[in-house]
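Order of the sequence lines sets the chain letters (A, B, ...), proteins ahead of strands, with each chain counted from 1.
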There are 2 protein chains.
Amino acid sequence: MSVTMKQIAAIAGVTPTTVSLVMKDSKKVSAKTKEKIRKLMGDMDYYPDISASNLKQGKTNTIAVLSTFLHGIFKMEFVNGVESVIIDSPYRLNQFYTRIGEEAKKHKEILLGKMADAVITMSLNTDPAMLHTMRGKGKHVVLVEDVLEGFPGVKFDNFRGAYMATEHLIKSGRKKIAFSIAEFKMYSGHQNVDERLKGYKKALKDNNIEFDKDMIVELPNYTIETGRSIFTTLKNNRIKYDAIFCASGDLTAAGFLKEAAANKIGVPDDIAVVGYDDTIIASATSPGLTTIRQPAFQMGQAACRLAISLMEQKSGDNNRIIVFNPELIKRESA
Amino acid sequence: MSVTMKQIAAIAGVTPTTVSLVMKDSKKVSAKTKEKIRKLMGDMDYYPDISASNLKQGKTNTIAVLSTFLHGIFKMEFVNGVESVIIDSPYRLNQFYTRIGEEAKKHKEILLGKMADAVITMSLNTDPAMLHTMRGKGKHVVLVEDVLEGFPGVKFDNFRGAYMATEHLIKSGRKKIAFSIAEFKMYSGHQNVDERLKGYKKALKDNNIEFDKDMIVELPNYTIETGRSIFTTLKNNRIKYDAIFCASGDLTAAGFLKEAAANKIGVPDDIAVVGYDDTIIASATSPGLTTIRQPAFQMGQAACRLAISLMEQKSGDNNRIIVFNPELIKRESA
DNA sequence: TTGTAGGCGTTATCAA
DNA sequence: TTGATAACGCCTACAA
C-alpha cells in the first residue's frame, strides 16, 4: 500500500540500510547518494512507518496527556501550552481520556502498551502503587494539580489564590463574604477544593472575621446554570452577604452575575464578586470579572518540559513539584 | 522492560499464538486455558504492544483530527463530539496540528506514516490532488467546514445561518444592520466567510434594504479585544446603525457588547446584537447573546461516524457531504 | 561508504 | 484446541 524503505532502496539500487542512514541524515552516506534517495523519497511520497520504527526502537517519542472525558476551557489552554512546547521538539503529543476509576489501568495501557513514553496526568486521583510500578519500568508520569509528594508534578498554589481573593474583598471593605466551591463529597481527593477553602478561612481569620458555615455553597458541577443557583440558594436561605468568592470557577461566577442582574442586584455595588481561573469567560462578562488567574497555558508548558526532562534523564527532576503562583486580576466586579 | 506475549506464554506453558488468541477472545481456545492466561496477564500487567500490533496488521484503528495550532472553544466542542463516538468504538483518537501551508504534508505523514487510518480535517484548505492520492491508497479523509465536492465532509449551512440572523434583526424592526467578519484576504478560501456575507446580503435584498459596504467591518482575528474594535471602528467612521450581526463569532460580539456598555449604548435598545457560534461565551455575557447555534459537538459526532463508515467500507459515503442546519438562539441582545 | 543479517512483538497461515 | 513458522518495516551492529 504505502511505500517502504525496501522499495526506495530497490529503485535507488542500494540497500534499506543506506536509506535508513539517509533518513537520519548520517554523514556516512555520500552527498550524491543522499540526494538521489531524498529525491526518490519525495517523488514516491515516502513516510517512515512509525509503528515499525517504534517497535524497533522500543520507544515512541510521544508524550500523552490523560484527562477525563469532556474537558473544558482550562484543559484546552493547558493542552495548548503542552503543544507549544511539543511543536519545537522531536516529540509528538497524544491525548487520551479515561473514565473515573480507570485511571491506573489507562496509565498502564498507555505506557506499557507503548503508546507513549510519558504521561501528563490532569487532575486525576492517581494510585501511588501504580506510579511506583511505572517508575520501576522506566516510564514517566507528570501529575497536574493533584500532585503527590515524591513524584514529579505541577500545580497551583490554591491556598494562596483563595487567600488573595478573600483578602482583596476584605480590603475593599466587605465583611460578609460568601464562598462557593465544588461539593466536598464528590470532589474529595482533589486538592484544590480543600486548599481553596483553607485559604478563604485563613484570610477571614487574619482579618478577624468569623467563619460562618452558612456562607458556604457547595455545587455539583461548574456550569453557568449552577452558578445562577448560588444566588438563588443564598437568597432562599436568607443569607446576608456583601460579597462572594466563587472558588468554583469563572463559569459559576458568570452565572451568579446573570442571576444577580436578573434580580436587580448591582455588582459590585451591592455585592462584589470574585471568580477563579481567568479563562476567557472572565473577559466576556459584564461587568468584567475580577478573578484569580491560573496560568494554564504556562502550566502546560512546564508540565511538558518536565516530562521531556524526565525522558531525557536530566538531573533529579524525578520528584520535583513545580508550584505556580496565582495572580489577582482586577476587573470591574470587585 | 514490559511484559510480552512470549513471557506470558512461557510461564503459562503455551505458545504466543495461544496468548494472542486469548487476546481476541477466540473461541478456539479452551475456557480453562483462557482463564489461566487471563489471570497471568492481569497479575503481570500485560498490555499488548500497540506498535507491534499495528505493524503486523497494517492498520492502526486510529482516527486523527487535524487542525491548526492553538485551537479555540469551537474545536474543543467538536473534538468532544468526536471523542463521544470514539469512546464506544474499537477505535482510538489522536489529535494532530499543522502549520498553515503544511497541510498536505501532514496528511501524508499521518496516513502514510501509519499514525492513523483516517483523518478528520478541521477547516483547512486541502489539496484535491493529495486527497485523490490518499483515496487511491485506501486512506480516508473527512473534511470539516471547508468541504470539497466529491469528497466526504461535514459542514454548516453558513448562508442560511447568516440569513436567519439578518432576517431576525430586520423582523424586529432594524433597518441599518452592520456586519463584522474575518478579513476576506486573510481568510480567503474559507467558505464560511463568503457564505455568511452572501446570506447577509440576500436577507437584506429580500427585505428591500440596500447593501452598504460601509457597514462591513473586517477583522484580523476573533478575540474579545478585536470585538471591541468593531464598535470603535463604526464610531470613528460615523456610521449610523441600529443593529450589528457579528458573523465573526460570539467572542467578537462579546467584545462589542463590552465596548458598547462602556460608551453607554444600550443593548438591545439602542443597538441589537447577534453573534455566531453559540459557544459558552454567548451564555456568559450580559445581556445574553442572541446568536446562531452551530452544533459543534454533533458535527464532531457526525464527522467521526462518517470516518468510521469509510474505514469499514460501508455504502457509498465516499463523497457524501453532511450539511448541518444552524439554529437561531434568542437571548436578550436582539 | 555501503551491505548483510537478525530481531523488535505481534498476528496470520498452516499444520498437528 | 494448540503449535511452528514466517512476516510486517525498520534499525543497528558488524562486516566488507
Side-chain angles (χ1 to χ4, degrees), chain A residues 1-38 40-41 44-62 90 108-115 117 137-138, chain B residues 1-38 40-41 44-62 90 109 111-115 117 137-138:
Chain A
M1 200 70 98
S2 337
V3 181
T4 67
M5 273 193 175
K6 220 170 158 183
Q7 298 174 31
I8 300 268
I11 295 177
V14 298
T15 59
T17 309
T18 308
V19 180
S20 179
L21 289 173
V22 173
M23 280 300 294
K24 337 174 40 178
D25 198 15
S26 160
K27 51 191 65 155
K28 297 204 236 160
V29 182
S30 73
K32 219 170 81 184
T33 311
K34 260 190 197 174
E35 202 186 347
K36 180 166 69 173
I37 292 178
R38 288 239 173 82
L40 263 179
M41 294 195 307
M44 298 179 67
D45 270 343
Y46 170 73
Y47 289 84
D49 185 318
I50 295 296
S51 295
S53 174
N54 285 352
L55 174 59
K56 176 65 201 181
Q57 297 192 121
K59 61 175 180 156
T60 64
N61 296 308
T62 297
K108 290 179 183 172
E109 194 181 325
I110 294 169
L111 291 169
L112 304 181
K114 306 272 179 57
M115 296 168 161
D117 304 328
K137 292 180 187 271
Chain B
M1 202 69 99
S2 336
V3 180
T4 66
M5 273 191 174
K6 223 169 156 181
Q7 298 173 30
I8 301 269
I11 295 175
V14 296
T15 58
T17 308
T18 308
V19 180
S20 179
L21 289 173
V22 172
M23 281 300 296
K24 321 174 53 174
D25 197 15
S26 160
K27 50 191 68 155
K28 297 203 239 162
V29 182
S30 73
K32 217 171 81 185
T33 311
K34 260 190 199 175
E35 202 186 346
K36 180 168 67 173
I37 292 178
R38 288 240 173 82
L40 264 180
M41 295 196 305
M44 299 179 67
D45 270 344
Y46 170 74
Y47 290 84
D49 185 319
I50 295 296
S51 295
S53 176
N54 285 352
L55 173 60
K56 180 64 201 179
Q57 297 194 124
K59 62 176 180 155
T60 64
N61 296 310
T62 297
E109 194 181 326
L111 291 170
L112 304 182
K114 307 270 179 56
M115 297 167 161
D117 304 328
K137 292 178 187 275

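Backbone-only engagement by B/G13 is indicated by non-hydrogen atom pairs under 4.0 Å involving sugar-phosphate atoms exclusively. Residue-level contact check: A/P48 touches the backbone only, with heavy atoms under 4.0 Å from sugar-phosphate atoms and none from bases. Note on A/S51: nothing from the nucleic acid sits closer than 4.0 angstrom, heavy atoms only. As judged by a 4.0 angstrom heavy-atom cut-off over every strand, A/T18 is placed among residues touching the sugar-phosphate backbone only. Contact annotation for A/S20: base contact, defined as any heavy-atom pair under 4.0 Å involving a base atom. Here B/K24 lies in heavy-atom contact (under 4.0 Å) with sugar-phosphate atoms only.
Considering CD1 of A/I8 and CE of A/M41, their distance stands at 6.5 Å, rounded to 0.5 Å. The distance from atom CG of A/L55 to atom NZ of B/K56, rounded to the nearest 0.5 Å, is 12.0 Å.
Between A/L21 atom CG and D/dC14 atom P there is a gap of 15 Å when expressed in whole angstrom units. Residue A/K59 contributes atom NZ, which lies 18 Å from atom C1' of C/dG9 at whole-angstrom precision. We find that CD of A/E35 is positioned 15 Å from P of C/dT1, with the value rounded to whole Å. Per the geometry, CG belonging to A/L112 stands 16 Å off C1' belonging to C/dT10, to the nearest Å. Put simply, CG on B/D25 is 14 Å from P on C/dT11, counting in whole angstrom units. At whole-Å resolution of the value, CE in B/M23 and P in C/dA12 are 12 Å apart. If you measure from atom CG of A/N54 to atom P of C/dT10, you get 14 Å, rounded to the nearest angstrom. Protein atom NZ of B/K34 is 10 Å distant from nucleotide atom P of D/dT2, rounded to whole Å.
With 3.5 Å as the limit, one finds a donor-acceptor pair spanning the side chains of B/D117 and B/T60.
Closest to the A/D49 side chain, of the nucleotides D/dG9, C/dT10, D/dT1, is D/dG9. Considering only side-chain atoms of B/M5, the nucleotide from C/dT2, C/dT10, D/dT2 that sits closest is C/dT10.
Here A/T33 reaches the OP1 or OP2 of C/dT2: one of its side-chain N or O atoms lies under 4.0 Å away. In this model, the phosphate group of C/dG9 is not approached by any side-chain N or O of B/S53 to a distance below 4.0 Å at OP1 or OP2. Distances shorter than 4.0 Å separate some side-chain N or O of A/Y46 from OP1 or OP2 on D/dC10.
Closest approach of A/P16 and A/A9 over heavy atoms only: N-CB, 3.5 Å. Contact between A/M115 and B/I50 at its shortest, heavy atoms only, is CE-CG1, 3.4 Å.
With hydrogens and angles ignored, no donor-acceptor pair closer than 3.5 Å exists between the side chain of B/K56 and the base of C/dA12.
When side chains are defined from C-beta on, B/L112 does not count as touching A/V3, because their heavy atoms never get closer than 4.5 Å. Counting only heavy atoms from C-beta outward, the side chains of A/M23 and A/Y46 approach each other to under 4.5 Å. A 4.5 Å side-chain heavy-atom check between B/D25 and B/R38 finds at least one atom pair inside the cut-off.
Residue B/K6 qualifies as open at atom NZ: its count of foreign heavy atoms under 6.0 Å is 12 or below. By the neighbour-count criterion of 12 heavy atoms within 6.0 Å, atom NZ of A/K59 is sparsely surrounded, having that number or fewer from other residues, nucleotides or ligands.
DNA chain D is contacted by both B/L55 and B/T15; B/T15 maps to the nucleotide lying nearer its 5′ end (nearest heavy atom per residue).
Residues A/D49 and B/K114 are paired through a salt bridge, judged by an N-O separation under 4.0 Å between the basic side chain and the carboxylate.
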Please list, for nucleotides 13-16 of chain C, all pairs of protein and nucleotide N/O atoms separated by less than 3.5 Å.
none

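Within the helix from C/dT1-D/dA16 to C/dA16-D/dT1, the inter-axis angle between the opening and closing five-pair segments is 30°, rounded to 10°.
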